[in-house]
Number of protein chains: 2
Amino acid sequence: MLDVAAKAGVSTATVSALINGTAPVSPELRERIGSAIAAIGYKRNTIARSLKTGATNTIGLVIADITNPFFTDVVAVIQDVLHRAGYAVMLCCTDEDPDQQEEQISLLLDRMVDGLIIAPAGDDHALERVLKRADIPVVLIDRISNGIAADAVVLDNQRAVREAIDYLIGLGHRRIGYISGSLDTSTGRGRLSGYRDALENANLACEEDLVRIGNFRERDAYNAAMQLLVLPDLPSAIFSANNLMVIGVMKAIRDMGLRCPEDISVSSFDDFPWADVFQPNLTTIAQPVQAIGEHASQLILDRLSNRAERPPRQIVLAGRLTIRESCRPFSRPDKN
Amino acid sequence: MLDVAAKAGVSTATVSALINGTAPVSPELRERIGSAIAAIGYKRNTIARSLKTGATNTIGLVIADITNPFFTDVVAVIQDVLHRAGYAVMLCCTDEDPDQQEEQISLLLDRMVDGLIIAPAGDDHALERVLKRADIPVVLIDRISNGIAADAVVLDNQRAVREAIDYLIGLGHRRIGYISGSLDTSTGRGRLSGYRDALENANLACEEDLVRIGNFRERDAYNAAMQLLVLPDLPSAIFSANNLMVIGVMKAIRDMGLRCPEDISVSSFDDFPWADVFQPNLTTIAQPVQAIGEHASQLILDRLSNRAERPPRQIVLAGRLTIRESCRPFSRPDKN
DNA sequence: TACTCCTATCTAAACGTTTCGATCATGAGC
DNA sequence: GCTCATGATCGAAACGTTTAGATAGGAGTA
């Protein structure tokens, strides 16, 4: 920029004013500076700019698992919207581990991101603690953290799962296994409540044997499902609280020599793009990933532009039960 | 840092020396500075540091599509390795679009990333042009670009596909449809050559009618497969050159009222974690994602640490044909 | 003793921007 | 003809580090 200024015979202040449009520049100098820039091939140094302005035009995006199609779908739309708005996105994964989460957020904070979009993992207190250091806008997605007053966009998990379980009950299922995500997350808790609600509403006892924790991972879910499948009184249906876990459930079913849906019905949270073309066609709760991403981006952009201190806003969206063929009507075999 | 220095009664130079370990500091000052840092809660400003040193400790990672499980698997391991080495990773998606690719790379270059890992999209010349601006280490993954002399880690696509097609031919298939990726990419070209090789080797004519371009996207592949499925003389098998496309192929097969593998065999590049639990269990070519990610990370770390100008190195890995149940033996119906 | 060589520390100049306040025409309003 | 706002430009001080070179005390050596 020094070179540009020298070549155009002006001060750096004028060059800066022209580039940023922060002050009027005469047509004559506008021309001179423009060709100096072109001649030199000048590109402004973003780092120096950030140092001076305190803004990096970068948003940190923290998710649990980049391997989870739900997250990647959301990430794709967030990246799209934010890039269009002139922001870069720095993506980090926590692997569902609070320690890693703390580390990753620290890393982003060190790099002076302007804002943070987080799908929190695990323990709320850890998140609270690390976020205390940050006086930048934060929006929570997918999961929320009670202690943190931040914008958020979440699903009505409870209602969505309740609807799915209602559907299973409507098909005649009475013993419905439930593979839960981590109860350290709001999604884990919300979805489980939906399950309990539905049972209670149908006057069914909620047997604790039927609820297993799968921590949102395929492997854990496999083990959890296995425990369900060796029960003396087999459940006739299993609901899995997310997409990764349902694969584990299906593997367990296969390994036990059972078939879905003939022997056991299966349904899960989160949809797959291939769900209606590979058998069994899974009945799932589809999340509005597009809307989630758009709302999250919009919330953070709002905070970023208009520093007005409005109270945190929480956007709650609805899941959509997508009925396919992995659940069969069940008539209780005569027993007892 | 000024405050820390003041509080400890030393110069900023000493504080910096201690933090970076660039010069010896006496135990006494070490102690004083340490407690000053703790008292103030000092965190060094990465931006200022970057401005001075010219290094951001950040690697740009450019992929075509974050929605593609192959890429996300690779990204996961790259992030893991690089984070462990003290680098942050900035992930960008090009959406298979050379214009976006140029834009994203520019963005990363503007932000002064220390190195670039790229899975190139489309036209080589565009990439060449934008990379000319960068005098930082670059490693290409998945796809390579002829004009660019950079480290790379790729698959022996030709051989992998040839093996898969050999397998189909061995099952008795003679008319094998091929859904290709974009021929602007080395993977698109390499995989297609593998197909041609296999046919030629078996003395089968390569009918151009049987080859359709799907551009690595589900939607394009659906249309391409449709064209195959309305041919008067139906192919008895279809090979899809990547994972996204095979879903489009399966949808087309379903929409035409056909069944896989009963009516038509299907195989594809790239494996799925759910492939052996949902029907039809796809026969695929699995890529060594772990190795790809590790090699790519290692190559860039090497360049970054040891500025020795060694010639570009190209690492070629092998795919693994994973035979499941989506391909059936085919005996030619009597015809003509 | 005088010389060099360490070790530990400091001073001050970068790095490449942005931005505040100053300067100085110019023209309008009175 | 005076003041005043306005528009265009500039000088120089930040922003928070790193680092080259200076300094100073002491130990080892001839």
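Treat the numbers as computed from the prediction; the structure is a model and nothing was measured. The chains referred to below are lettered A, B, ... by the order of the sequence lines, with proteins before strands, and numbering in each begins at 1.
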Closest approach of [X] to [Y] (non-hydrogen atoms, all atoms of both residues):
| X | Y | value |
| --- | --- | --- |
| B:Asn20 | B:Arg44 | OD1-NH1, 2.6 Å |
| B:Ile136 | B:Leu116 | CD1-CD2, 4.2 Å |
| A:Ile141 | A:Ile78 | CD1-CD1, 4.3 Å |
| B:Ala119 | B:Ile63 | CB-CA, 4.3 Å |

Those residues that, when tested against B:Gln287, pass side-chain hydrogen bond (donor to acceptor under 3.5 Å, both in side chains) (two or more places apart):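 Only B:Asp270 meet the side-chain hydrogen bond (donor to acceptor under 3.5 Å, both in side chains) criterion with B:Gln287.
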Sugar-phosphate, base or nothing in reach of A:Leu29, heavy atoms under 4.0 Å: sugar-phosphate
Touch class at under 4.0 angstrom, heavy-atom based, for B:Ser26 against every strand present: sugar-phosphate
Nearest listed nucleotide, side chain of A:Val10, among C:dT9, D:dT9, D:dC10: D:dC10
More than 12 heavy atoms from other groups under 6.0 Å of CG on B:Leu2: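 Atom CG in B:Leu2 is not packed in, count stays at 12 or less.
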CZ-CD1 distance between A:Arg189 and A:Ile144, expressed to the nearest 0.5 angstrom: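 The CZ atom of A:Arg189 sits 8.0 Å away from the CD1 atom of A:Ile144.
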Positions of residues 30-40 of chain B (non-hydrogen atom under 4.0 Å from DNA chain D), listed by number: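 Contacting residues: none.
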Salt bridge (Lys or Arg N to Asp or Glu O under 4.0 Å) partners of residues 68-96 of chain B, not counting sequence neighbours, each pair once: B:Asp80-B:Arg84, B:Asp95-B:Arg217, B:Glu96-B:Arg143
Listed partners of A:Asp110 passing side chain to side chain contact (heavy atoms under 4.5 Å, CB included), at least two apart: A:Arg133, B:Lys43, B:Thr46
Salt-bridge contact A:Asp114-A:Arg303 (side-chain N to carboxylate O under 4.0 Å): no
B/S/- contact track for nucleotides 15-27 of chain C, protein heavy atom under 4.0 Å: BBBBB--------
Terminal axes of the helix from C:dT1-D:dA30 to C:dC30-D:dG1 (five pairs each): angle between them, nearest 10 degrees: 50°
